[in-house]
Undergrad: 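Handing you this structure, nothing more for now.
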Amino acid sequence: MTEADAIVRWVAPGARVLDLGCGDGALLRRLWEEKRAPGYGVEIDDAHVLECIRNDVNVLQMDLEDGLAAFADRSFDCVILSETLQAIHRQEPLLREMLRVGREAIVSFPNFGYWKLRLQIAFGGRMPVSPELPYAWYETPNVHHCTLADFEALAAKLGLRILERLALTGGRRVRVAPNLFGATALYRVSA
Amino acid sequence: MNAPRIPGSVGIVEAKKARFAEPLRLKSGAVLPEFEIAYETYGTLNAARSNAVLVCHALNASHHVAGVYADDPDNVGWWDNMVGPGKPVDTERFFVVGSNYIGSCFGSTGPASINPATGKPWGADFPVVTVEDWVAAQARLADHLGIERFAAVIGGSLGAMQALQWALSFPGRVRHSIVIAGTPRLSAQNIAFNEVARQAIMTDPDFHGGHYYEKGVVPVRGLRIARMIGHITYLSDDAMMEKFGRQLRRQAPGFDFDVDFEVESYLRYQADKFARYFDANTYLRITKALDYFDPAAEYGGDLSRAFARAQADFLVVSFKSDWRFSPARSREIVKALLDNRRIVSYLEIDAPQGHDAFLMADPRYHGALAAYFRNIAL
């Protein structure tokens, strides 16, 4: 099961979806084809925006750091932030905004508490590089890494309800010690 | 005709005119007893009549969108980089209509046309027209061409206003509205610039209250200044600096009031060129049409409510360096469309040229438009 499979599974048929940092729009395309879930993507990168238009996906070229002022309260069933949380400068306002415009949010990110990353720091003494985090420290677009425990602490601080949690490693669900053995974390949350 | 086929060009084109004998009631309450619209077409209307694209032009352009005239091979259409075989608006696939608007000085009925009531040019008596009036007149042209529904209506700047208005005036007749470098209403600053341009024209001694045709003169001074002001707002500060810098036209400053700087020479050149072909009465009316455009006005300023009747899919494009109609204005349009759950995509192109960027062949901009048009089903 890929991360996208998990997200598609979590989105209800016909749900109105907003995908923040939607890349080439492949997820939105799948949500339309498999769930008849219409949606919009927000993306800042020119090449990705072009791909979205080619994929016939609604895309809005905007900077997430400017907030979600273009979207009305509760105008979406589900707001998705897939593999983008760690590249945002100000997580708190964005998470609040996501649950202002959406009834639910799905957030996924690379788990910085994954044991292989911990080992690279603990014994290699270097910033970790992995399939999920393929960048050297000086060229990474990621600015705020977190672990499952960190995200859950922030969720608690913001008063978010965690509806579902899923940790994945190599396409498999991790049930035991997910903060240690999960390479990727996915959460479905509501206000 | 054995004209050389220019790759990517629609080649030799011909301007046409359609005449409408049925009176047109204008927003102001005035009535045009009859009118003509100048237009050009490129490509072929398919059997299902589902591939028509209407191109709306901005202030100083015309229905001559693409190609060249047989007797004027240097007069290339103003959007030739966008419209043609293999271009973003592909004339191999689409039947493209370039339409002029009423009040223009490029062939459609306007202030210089003969008023049938007097047998003399309309001059100052030609009514003030609005974007809604233009669109209503263009709808007659669509009827005339047998086009029930456009695959797309596209325009930049003032043309963007028409593309928007089409989706509001005739929701069932537009499948895609493509709104480039547009705005849902002019700002006070925009109106202020227009007023300076109008004052320049109206205070020109050769204006004669708009009845200058019969005097055989043209308010050249006013037109020149109006054009200079316009030009300043079309370019970004950076683009102007890049293009002209502080470069001098002569060896050293002259300590007089002749042309010192390159930018002065450019403005004077553009002004002279414009004053040779543009009509002052038309200029006054177009700037008024811009000023009056405000679809939200009759909904208490609520643009979302104004767009409730739109049925088209939208593509909205803005340019970061455009300070005349800034990206914030386009985002207002996008927000109103989102509030109505319309299908919409929005591009904010980081192009340096300012408002004029909509005329440039930026690969991000043209690439996205090409992709968008390819996805329009016929």
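Just so you know, these numbers use all the heavy atoms, side chains as well, and skip hydrogens, waters and symmetry mates. To find a chain, count down the sequence lines: A is the first, B the second, and so on, and within it residues start at 1. Owing to the predicted nature of the structure, the values given are computational and were not obtained by experimental measurement.
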Undergrad: What part of A/V49 lies closer than 4.5 angstrom to a heavy atom of chain B: side chain, backbone, both or neither?
TA: side chain

Undergrad: Most heavy-atom pairs under 4.5 angstrom with chain A, which of B/E348, B/E332, B/R331?
TA: B/E348

Undergrad: I'd like to verify something: which residue of B/A371, B/S345, B/A368 has the highest number of heavy-atom pairs under 4.5 Å with chain A?
TA: B/S345

Undergrad: Any chance the side chains of A/S108 and A/E3 put a donor and an acceptor closer than 3.5 Å?
TA: yes

Undergrad: Looking only at heavy atoms, what is the nearest atom pair of A/P110 and A/E83, with distance?
TA: CD-OE1, 3.2 Å

Undergrad: Using a 6.0 Å distance limit plus a 45 degree cone around the ring axis, check whether A/R16 lies over the aromatic ring of A/F76.
TA: yes

Undergrad: Take a 6.0 Å sphere around CZ of A/R36 and say whether it holds more than 12 heavy atoms from other residues, nucleotides or ligands.
TA: yes

Undergrad: Would you find a donor on one side and an acceptor on the other, under 3.5 Å apart, between the side chain of B/N51 and the backbone of B/N46?
TA: yes

Undergrad: So what's closer than 4.5 Å to chain B heavy atoms on A/A47: side chain, backbone, both or neither?
TA: neither

Undergrad: Given a strict heavy-atom distance threshold of 4.5 Å, which part of B/V344 is in contact with chain A: side chain, backbone, both, or neither?
TA: both

Undergrad: Could you tell me which portion of A/D46 (side chain, backbone, both or neither) has an atom closer than 4.5 angstrom to a non-hydrogen atom of chain B?
TA: side chain

